[in-house]
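Inspection log for the structure reproduced underneath, given as structure tokens.
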Amino acid sequence: MKYKKYFRKTSFKQKGVGDFFLQEINSKRPKVFLEVGVFHGVTARNICELLHKIHKDDFKYIGLDLFEENEENKSEVIPNTSFSNPLKNLYFKFIKRQNPYSKEAVQDLLSKFKNNIDLIKGNSNSVLKKIDMSKIDYVFLDGGHAYETVKNDLESCIEVVKSNGTILCDDYNLGAQAPEVKVAIDEFVKRYNFKCEILWNTRFAKIEK
Ligand SMILES: C[S@@+](CC[C@H](N)C(=O)[O-])C[C@H]1O[C@@H](n2cnc3c(N)ncnc32)[C@H](O)[C@@H]1O
């Protein structure tokens, strides 16, 4: 399956990276998927299309995001949500009448899968602790990039790895832009003696038992 952009912004700008990501997921055929850091929902839509192709209606996608910048969230890095392409700004302002970085807009983008999705607005540092991880078999971790957030997110999802699932972390090696991501992942993998495969020119870290 080809990764599509749906006229929105996504982390996967580099040529080929979206297709590689979908191949990775396809190789595991997960049924219950959690994405931490949904942003405009482009990856969410691609994941749902893929899981629907594999399992028909028998899959679940859970997506979590702050979906807003506020005082409480100000320590988290939120990508620039506006478009450099003026046509896209006009499309969302006057045609869709939506903020693409909102739970409502992502819900709209995923509306064909409305019975399979659960979108949550909140901070992963608190929300993940309340999610039942026992049914989740794949996590795409692409939320906050601060050390404490990555550490908390990984610890909250540990059950997924222990039950033979996968955590795929984005931005493993962003260098000076977000050095704490790599530190938190390396510590987590070492502490629990998990397997960690570094993929796509050090962009992804795939954590498994
Ligand atoms: C890089 S973007 C995600 C991109 C998306 N996965 C994609 O493939 O297009 C990171 C997202 O994480 C969210 N985020 C940052 N800190 C967070 C936190 N502590 N809890 C939940 N979401 C968070 C931001 O709001 C932002 O939308």
Side-chain angles (χ1 to χ4, degrees), residues 1-25 30 33-51 61-83 88 92 98-107 109-110 117-131 138-157 166-175 177-178 180-182 184-185 199-200 203-206:
M1 225 185 84
K2 284 264 168 220
Y3 186 91
K4 293 193 193 146
K5 296 205 173 148
Y6 299 98
F7 215 54
R8 289 159 173 81
K9 278 185 139 179
T10 164
S11 290
F12 295 155
K13 294 179 209 86
Q14 208 185 351
K15 197 172 179 329
V17 67
D19 297 344
F20 172 83
F21 171 82
L22 292 177
Q23 269 169 34
E24 265 301 313
I25 295 172
F33 196 103
L34 167 66
E35 182 178 24
V36 182
V38 172
F39 196 47
H40 286 191
V42 175
T43 299
R45 173 71 183 265
N46 279 277
I47 293 165
C48 288
E49 294 284 352
L50 175 66
L51 298 187
Y61 167 89
I62 305 162
L64 163 65
D65 203 293
L66 301 167
F67 288 125
E68 71 175 337
E69 295 176 68
N70 62 26
E71 268 305 293
E72 198 196 322
N73 302 331
K74 67 177 183 230
S75 61
E76 301 289 2
V77 177
I78 296 167
N80 182 357
T81 57
S82 55
F83 298 102
K88 291 189 181 177
F92 279 100
Q98 283 173 345
N99 170 3
Y101 174 60
S102 67
K103 185 174 162 182
E104 293 66 34
V106 176
Q107 230 145 15
L109 180 63
L110 303 182
I117 65 159
D118 186 5
L119 283 178
I120 305 167
K121 177 173 171 165
N123 192 314
S124 63
N125 286 289
S126 50
V127 174
L128 285 180
K129 294 186 178 72
K130 297 177 203 144
I131 293 183
Y138 206 110
V139 179
F140 178 44
L141 197 60
D142 191 18
H145 287 29
Y147 172 79
E148 281 303 326
T149 300
V150 180
K151 181 175 184 248
N152 283 338
D153 290 357
L154 288 168
E155 292 287 349
S156 300
C157 297
T166 304
I167 304 178
L168 185 70
C169 307
D170 196 15
D171 298 333
Y172 171 70
N173 200 359
L174 271 187
Q177 215 182 311
E180 299 177 6
V181 176
K182 183 176 184 303
I185 294 170
L199 304 169
W200 193 263
R203 174 169 184 155
F204 299 111
K206 181 164 83 172

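In each ligand, atom 1 is the first atom listed, and ligand 1 is the first ligand listed. This structure is a prediction, so every number in the text was calculated from the model and none was measured.
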- prompt: Do D170 and R203 meet the salt-bridge criterion of a basic N to acidic O distance under 4.0 Å?
  reply: yes

salt_bridge(K4, E49) N-O dist < 4.0 Å: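 Salt bridge flag = no for E49 with K4.
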
statement: Looking only at non-hydrogen atoms, the one of D142, N125, L66 nearest atom 22 (N) of ligand 1 is L66

- request: Consider only side-chain N and O atoms of E24 and W200, and report whether a donor and an acceptor are under 3.5 Å apart.
  value: no

message: Under a plain distance cut-off of 3.5 Å, with no hydrogens placed, do D142 and S11 share a side-chain donor-acceptor pair?
response: yes

Heteroatom proximity flag, [X] to ligand 1, N/O under 3.5 Å:
{"X": "T43", "result": "yes"}
{"X": "S124", "result": "yes"}
{"X": "Y101", "result": "yes"}
{"X": "G37", "result": "yes"}
{"X": "G144", "result": "yes"}
{"X": "E35", "result": "yes"}

message: Distance under 4.0 Å to a non-hydrogen atom of N123: what atoms of ligand 1 satisfy this?
response: 18 (C), 19 (N), 20 (N)

Answer with side chain, backbone, both or neither: which part of [X] has a heavy atom less than 4.0 angstrom from an atom of ligand 1?
{"X": "F12", "value": "neither"}
{"X": "H40", "value": "neither"}
{"X": "V38", "value": "backbone"}

- prompt: Does D118 have any salt bridge (Lys or Arg N to Asp or Glu O under 4.0 Å) partners at least two apart in sequence or in another chain, and if so, which?
  reply: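 D118 satisfies salt bridge (Lys or Arg N to Asp or Glu O under 4.0 Å) with no other residue.
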
- prompt: Are G122 and ligand 1 in contact, using a heavy-atom cut-off of under 4.0 Å?
  reply: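 So G122 counts as touching ligand 1.
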
message: So Y172 and L199, do their side chains get closer than 4.5 Å, heavy atoms only?
response: no

task: For the residue pair R8 and L109, establish whether any side-chain heavy-atom pair is separated by less than 4.5 Å.
output: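 SC-SC contact between R8 and L109 confirmed.
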
message: Can you classify the ring geometry of F83 versus F92 as parallel (below 30°), tilted (30 to 60°) or perpendicular (above 60°)?
response: parallel

